[in-house]
Protein chains: 2
Amino acid sequence: MTKPTNFDLRDFMPYLLNQAADATSREFEPTYKAKYRMLRTEWRVLFHLGHYGRMTAKEICDRAQIHKTKVSRAVSALEQKRFLRRKEQPEDRRHETLSLTASGQSVFATLVEDAQRFDAALMTEFTEQEANQMRAFLIRIAKL
Amino acid sequence: MTKPTNFDLRDFMPYLLNQAADATSREFEPTYKAKYRMLRTEWRVLFHLGHYGRMTAKEICDRAQIHKTKVSRAVSALEQKRFLRRKEQPEDRRHETLSLTASGQSVFATLVEDAQRFDAALMTEFTEQEANQMRAFLIRIAKL
DNA sequence: CCTTATTGGTTACTTTTGTAACTAACAACA
DNA sequence: TGTTGTTAGTTACAAAAGTAACCAATAAGG
């Protein structure tokens with residue numbers, strides 16, 4: 001009855017994805033952590049605002065698939081660092097629009113460069129075509 | 001001086017990897033969490049022991065790239081669940097060899113099936129060739 | 001209007017993780 | 001032997017994440 005299971009963790013996609021994600025994140029984390037004392041979620045929120053301009057916390061939750069409490073905490077932290085500002089919407093006072101301050105934007109600009117440099121370095125071992133396939137694949141898996 | 005940064009998070013590999021890893025893990029987690037009240041690290045340790053037979057905590061750390069405190073805690077938890085057993089090595093009493101108990105092995109067997117089923121379902125949207133490329137790519141990125 | 005959802009966001013409490021300091025066993029070498 | 005260094009693993013404490021309960025504000029239906 002006992003099957004001769006030859007199951008290798010390296011055949012299990014979630015495991016591989018986690019290992020790869022961890023490896024790259026561990027390497028990149030110091031960039032924003034050391035420079036700006038930011039947490040991963042803060043980094044993500046900053047990037048969403050930097051890229052999309054302005055959005056509500058809810059929109060960030062939906063787009064980035066982060067739980068609202070995590071976003072809430074990240075927003076507070078970024079606010080305390082004076083990287084973003086909230087603005088209550090008069091037509092619906094439950095919403096608040098978030099946007100980067102000038103200093104938030106300059107931090108964003110710096111971190112974008114770091115990210116691009118990091119990504120370029122990471123992908124040197126792969127051809128442009130491989131990189132594109134990868135991205136497409138991951139986007140499908142993550143349902144982005 | 002301000003560059004018209006057109007940086008999309010979806011161009012940043014660590015972000016994509018994390019999103020994909022999170023998405024798949026969130027989906028798979030209930031399998032071992034609901035059935036056996038196991039944590040992710042416990043699951044991983046169990047799988048390493050199930051696959052390689054017996055090894056020390058240190059070997060698991062190295063192979064799975066998990067920090068020793070996390071492994072230590074997972075080992076204790078699995079021991080309490082009677083899924084594994086420790087055996088001190090007489091020739092070097094700092095080492096202890098870990099191995100699955102009978103019940104640990106049967107849990108492992110069940111979870112392997114779940115994992116295989118999950119992986120198969122996840123990959124239905126991709127060709128065999130795509131899947132293999134993906135795995136190869138991730139193994140390179142994760143330096144496994 | 002008034003009651004009952006629903007929605008955006010925060011707070012309080014618990015569980016898990018990260019970090020550093022620690023113990024015990026061994027190794028190396030004077 | 002004794003001192004110093006290293007290694008496997010644990011423990012204690014702090015930081016972070018998950019979960020659920022909680023406010024307001026609004027919507028919806030009688």
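Values reported hereafter were calculated over all heavy atoms of this structure, with side chains retained and with hydrogens, waters and symmetry mates removed. Numbered from 1 within each chain, the chains take letters A, B, ... in sequence-line order.
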Comparing A:Glu91 with A:Leu39, nearest DNA chain D nucleotide closer to 5' gives the residue A:Leu39
Donor-acceptor pair, side chain of B:Glu113 and main chain of B:Thr110, under 3.5 angstrom: no
Return the residues of residues 66-90 of chain B meeting this criterion: a heavy atom under 4.0 Å from some atom of DNA chain D. Order them by number, or give none. B:Lys68, B:Thr69, B:Ser72, B:Arg73, B:Arg86
Please say whether more than 12 non-hydrogen atoms of neighbouring residues, nucleotides or ligands are located less than 6.0 Å from NZ in B:Lys35. yes
Value in whole Å for how far the C1' atom of C:dT15 lies from CE of B:Met38: 17 Å
Below 6.0 angstrom between ring centroids: does that apply to A:Phe12 and B:Phe28? yes
Quick check for you: to the nearest 0.5 Å, what is the distance between B:Leu9 atom CG and A:His51 atom NE2? 7.5 Å
N/O-N/O pairs, protein side and nucleotides 3-7 of chain C side, under 3.5 Å:
unit_1	atom_1	unit_2	atom_2	d
C:dT7	O2	A:Arg94	NH1	3.1

Under a plain distance cut-off of 3.5 Å, with no hydrogens placed, do B:Gln89 and B:Thr97 share a side-chain donor-acceptor pair? yes
The criterion is side chain to side chain contact (heavy atoms under 4.5 Å, CB included); which residues satisfy it with A:Arg93, sequence neighbours excluded? A:Glu88
Could you check how far CZ of B:Arg26 sits from P of D:dA17, rounded to whole Å? 14 Å
Pair B:Glu42 + B:Arg37, salt bridge at N-O below 4.0 Å: no
Atom CG of B:Asp62 to atom P of D:dA8: distance rounded to whole Å? 8 Å
Can you check the A:Arg37 CZ to D:dA14 P distance for me, whole Å? 18 Å
Residues A:Asp8, B:Arg135; criterion salt bridge (Lys or Arg N to Asp or Glu O under 4.0 Å); working and verdict: CA-CA 12 Å; A:Asp8 188 337; B:Arg135 289 186 223 281; over 6 Å; no
Respond yes when some side-chain nitrogen or oxygen of A:Arg93 is under 4.0 Å from OP1 or OP2 of D:dA24, and no when none is. no
Whole-Å gap separating C1' (D:dA15) and CD (A:Glu42): 12 Å
